[in-house]
Amino acid sequence: MAKKKTPVSASILADVARTGVDEAELLGERIARYGVAHARTLNMLEHLRGVPSDPQTVRAAAGLASCGNYLHFREYFTVGKVRLHNAQFCKQHLICPLCAIRRGAKSLGAYLARWEVIRAEHPDLKPYLVTLTVKNGEDLAERQNHLTKSLRRLLDRRRNFNAGVRGSPWTELCKVKGAVYTLELTNKGKGWHPHCHMIALAPSAPSQSDLSAEWLSVTGDSMIVDVRPITGDPAEGFMEVFKYAVKFSDLSLADNWEAAQVLKGKRLLNSFGLFRGVKVPESLLDEPLDDLPYWDRFYRFIQGEYQFTGESGGVQLQDTDQLKLIVVKPANLAATAHLPGGRKP
Ligand SMILES: [Zn+2]
């Protein structure tokens, strides 16, 4: 399935694709991508200020207003790595692309790590990208519910057949030993189009034509499915599943806000079998590199882009109590971020 990407999602998806992207020389690109994302967040903020105000809208707007105004990177210059060390995030990843990128990258990293473990233990398994779609419709809540319920029925079939429950029908997903899947949403002017992208681990490919027939029998109105092997860099293939939140920024602002309200509190990322129980870190920051000297680099969002506002140096201390003494004031970053006893390298 050839995916056409809008400039916003294409540029910011690069961060999700290369979750380990911490090479110092790539910092400029990374900051530019974050700037594009944050500009969209500010557009959403403007949009919310223009819609009838209720407590939910006011809360969402307050979160957006405080998100991503400054970024504090730490450059570990002896190894040429840069990590995002501090920032304020609203964590409303359905309406905030910067949070969506960070969330996507964190999820991708966690599932790729699990895949490495699974691959070593089950060399017979291969990853497949399975896409299941439901027909477009005007009523988002109804279509979304239809997708969720249909998926549930198909996965119940798999579980019951594999458990030997008498009379349970076979599904091609019975071949799948583990999967992680997300629910994504598009609307290109022809109604809402919810669909599911799944990384499915199986010893052989589920048959697309059989799966299509099963999907029609489950949904009653939809038969479009796609099954393809993931070859090459697994990060690239897996990204299709973990970019779901970033894709919300392809919607118009009004559609994006409507979708966020309808989907609020719903689980959009799920897993089963060998992919069950993967823990995605809560923090949207990067992990620090212990015990290496660094430069701190500070950026603020000014006039439509992140601009460098200052730097300072120090040594990473192992004692976490001492680390807590770092004070970062967004209003005066450059002057306040020295570690106690820190030295310029
Ligand atoms: Zn945010």
Side-chain angles (χ1 to χ4, degrees), residues 6-17 19 21 30-51 53 55-73 83-110 182 184-185 239 242-269 280-287 298-307 309 328-331 333:
T6 63
V8 173
S9 86
S11 63
I12 53 190
L13 280 174
D15 199 62
V16 181
T19 183
V21 58
R30 186 178 178 186
I31 285 167
R33 280 200 304 278
Y34 288 0
V36 172
H38 188 65
R40 160 82 183 193
T41 296
L42 295 183
N43 289 341
M44 178 57 85
L45 178 59
E46 272 312 298
H47 176 75
L48 292 187
R49 284 174 174 160
V51 303
S53 129
Q56 195 186 350
T57 314
V58 170
R59 251 197 320 277
L64 294 181
S66 68
C67 182
N69 293 323
Y70 70 92
L71 302 173
H72 167 184
F73 290 94
R83 297 290 172 99
L84 180 58
H85 189 73
N86 209 344
Q88 185 156 354
F89 290 116
C90 70
K91 295 194 171 181
Q92 304 178 100
H93 54 274
L94 299 188
I95 52 171
C96 176
L98 182 59
C99 290
I101 293 171
R102 296 301 304 164
R103 182 87 191 138
K106 288 280 174 173
S107 309
L108 176 62
T182 58
E184 197 178 300
L185 201 55
M239 186 192 76
F242 294 102
K243 67 179 175 47
Y244 71 102
V246 180
K247 292 286 282 181
F248 280 78
S249 61
D250 286 349
L251 296 168
S252 71
L253 292 166
D255 280 353
N256 189 168
W257 177 234
E258 182 188 343
Q261 289 173 294
V262 170
L263 299 180
K264 196 171 169 62
K266 302 233 186 326
R267 264 190 92 81
L268 300 181
L269 189 158
V280 178
E282 268 301 307
S283 170
L284 298 184
L285 299 169
D286 291 329
E287 292 286 319
F298 304 105
Y299 294 80
R300 286 181 66 80
F301 196 82
I302 303 166
Q303 292 170 340
E305 60 182 0
Y306 284 110
Q307 294 187 15
T309 56
V328 177
K329 287 183 187 160
L333 286 170

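Counting starts at 1 for both ligands and their atoms, in listed order. Atom set for the values below is all heavy atoms of this structure, side chains included, hydrogens, waters and symmetry mates excluded.
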**Message:** With a 4.0 Å cut-off on N to O distance, would you call Asp250 and Lys243 a salt bridge?
**Reply:** no
**Prompt:** Going through the checks in order, is the side chain to side chain contact (heavy atoms under 4.5 Å, CB included) test met by Tyr70 and Thr309?
**Reply:** CA-CA 10 Å; Tyr70 70 92; Thr309 56; over 6 Å; no
**Item:** salt_bridge(Asp255, Lys247) N-O dist < 4.0 Å
**Value:** no
**Salt-bridge contact Glu282-Lys106 (side-chain N to carboxylate O under 4.0 Å)** = no
**Prompt:** Is there a donor-acceptor contact under 3.5 Å from the side chain of Arg102 to the main chain of Leu284?
**Reply:** yes
**Message:** Using the ring centroid of each side chain, check whether Phe73 and His85 are separated by less than 6.0 Å.
**Reply:** no
**Request:** Less than 2.8 Å from the Zn ion (ligand 1) is the window; count the protein N, O or S atoms in it.
**Result:** 4
